[in-house]
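Remarks on the structure that follows.
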There are 2 protein chains.
Amino acid sequence: MTIVQFHMDDQQVVDNSQLAQKLRNAGLRPTRQRTALAELLFKKGDRHVSAECLFEDAKKAQIVISLATVYNTLNQFSEAGLLRTISIDSTRVYFDTKTGDHHHFFLEDSEQLVDMPEGCVRVENLPDAPPGTEVSRVDVIVRVRSTK
Amino acid sequence: MTIVQFHMDDQQVVDNSQLAQKLRNAGLRPTRQRTALAELLFKKGDRHVSAECLFEDAKKAQIVISLATVYNTLNQFSEAGLLRTISIDSTRVYFDTKTGDHHHFFLEDSEQLVDMPEGCVRVENLPDAPPGTEVSRVDVIVRVRSTK
DNA sequence: ATTTGTGCAAATCGTTTGCATCTGA
DNA sequence: TCAGATGCAAACGATTTGCACAAAT
């Protein structure tokens, strides 16, 4: 029932020196809180978090950090390409630790995002992009809700 | 440069008595401001508006209305099925006057939505919805930005 | 030592709500 | 008449920002 997915581009991070390196590669100094958040984000495999929810996770993990820093860090990470942002629900931004090409289920009841396996969806018959523009990304979001 | 599209299900509204009827059918009293907004929304063919931008339109059209009422009215219209809401950009909700099954281009530069012709896109190979859920809608958003 | 990050609180921005007043059927 | 609409201003919630302080290199 559980779908397990691995991606070579988002290599599984297991120890903290790899994390620090990942941050450095992205041009970010591996500070205490950045490393701590990176640990929460990238050690557990694919995640879809909101700032608020990562902030809660951090609290539970005894990490001392302010909500503003969580926001700033998430934004830095996604600018650096470590995360991808998704906005589905206008009230919240989700950050996806999986940056490769893939699409999502959105569980309307629980407001959660679930990855679809990479490469499985094919979108056909797309009209041409409007003149003077080029496609930067195609997002497919399948909204689902519990039956009954 | 301009793409014009017509759809039979969202019938073109041309006079105000039809508008009033459309509102009544939706269970909404055709009050001054509702009719005025409906006029802006449904007389011009397909539109994608934010509350703020419709509010501006209303001002230009000398309609006396408050921003809160624009919000309330847009929400009522979409609950009544007269509009469809789309959230792409987490900072703004778009209301689409075309309620049929269709998808969108999102022009990242100008933050505008453009309809794709109905029925042209085909999404294949969708994985099954997670257990216990059913698909309520599939959204395809093609983000484009100006070349160079 | 210098640059860069962090925490906090205040600011912002889109959106919603409470309530007194008005209006359409 | 009177339920239902409207306007306003205040409330809200997610996110950003300004600034003094702290930590990395």
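Naming: A, B, ... by sequence-line order, numbering from 1 per chain. Keep in mind that this is a model prediction, so the values were computed, not measured.
Not one N or O on the side chain of A/D115 forms a donor-acceptor pair closer than 3.5 Å with the backbone of A/H104.
The residue among B/Y94 and A/I65 whose nearest nucleotide of DNA chain C is located toward the 5' end is A/I65.
A pairwise comparison of heavy atoms in A/S78 and A/F95 identifies OG-CE2, 4.0 Å as the closest pair.
B/Q76 places its CD atom 12 Å from the P atom of C/dT16, with the value rounded to the nearest Å. Straight-line distance from the CD1 atom of B/I63 to the P atom of D/dT6: 12 Å, rounded to whole Å. For the pair A/L23 CG and C/dG5 C1', the interatomic distance rounds to 13 Å; values are reported in whole Å. If you take CZ of B/R92 and P of C/dT15, they are 8 Å apart, rounded to a whole angstrom. Residue B/I86 contributes atom CD1, which lies 19 Å from atom P of C/dG14 at whole-angstrom precision. For the pair B/L67 CG and D/dC8 P, the interatomic distance rounds to 11 Å; values are reported in whole Å. Following rounding to the nearest Å, B/Y71 (OH) and D/dC12 (P) show an atom-to-atom distance of 18 Å. When the P atom of D/dA22 is taken as reference, atom CZ of A/R34 falls 19 Å away, rounded to whole Å.
The nucleotide whose nearest atom lies closest to any side-chain atom of A/A68 is, among D/dT17, D/dG7, D/dT15, D/dT17. Closest approach to the B/T69 side chain among D/dT17, D/dT15, D/dG7 is made by D/dG7 (side chain taken as heavy atoms from C-beta onward).
Contact annotation: the side chain of A/I63 approaches that of A/L40 to within less than 4.5 Å [non-hydrogen atoms, C-beta and beyond].
Here B/N75 reaches the OP1 or OP2 of C/dT16: one of its side-chain N or O atoms lies under 4.0 Å away.
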Fill in: Steps toward side-chain hydrogen bond (donor to acceptor under 3.5 Å, both in side chains) verdict (B/Q21, B/N25)
CA-CA 6 Å; B/Q21 201 47 53; B/N25 290 345; 3.1 Å; yes
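At a threshold of 4.0 angstrom between heavy atoms, the contacts of B/V70 with the nucleic acid are absent.
In summary, B/D139 and B/R137 engage in a salt bridge, as defined by a charged side-chain N under 4.0 Å from a carboxylate O. At a threshold of 4.0 Å, the pair B/R47-B/D57 counts as salt-bridged, since one of the basic side-chain nitrogens sits closer than that to a carboxylate oxygen.
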Give each protein N/O atom lying under 3.5 Å from an N/O atom of nucleotides 22-25 of chain C, with the pair distance.
residue: C/dG24; atom: OP1; partner: B/R32; partner atom: NH1; Å: 3.1
residue: C/dG24; atom: OP1; partner: B/R32; partner atom: NH2; Å: 2.8

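With hydrophobic clusters built from ILVMFWY side chains whose heavy atoms lie under 4.5 angstrom apart, B/V114 shares a cluster with A/V123.
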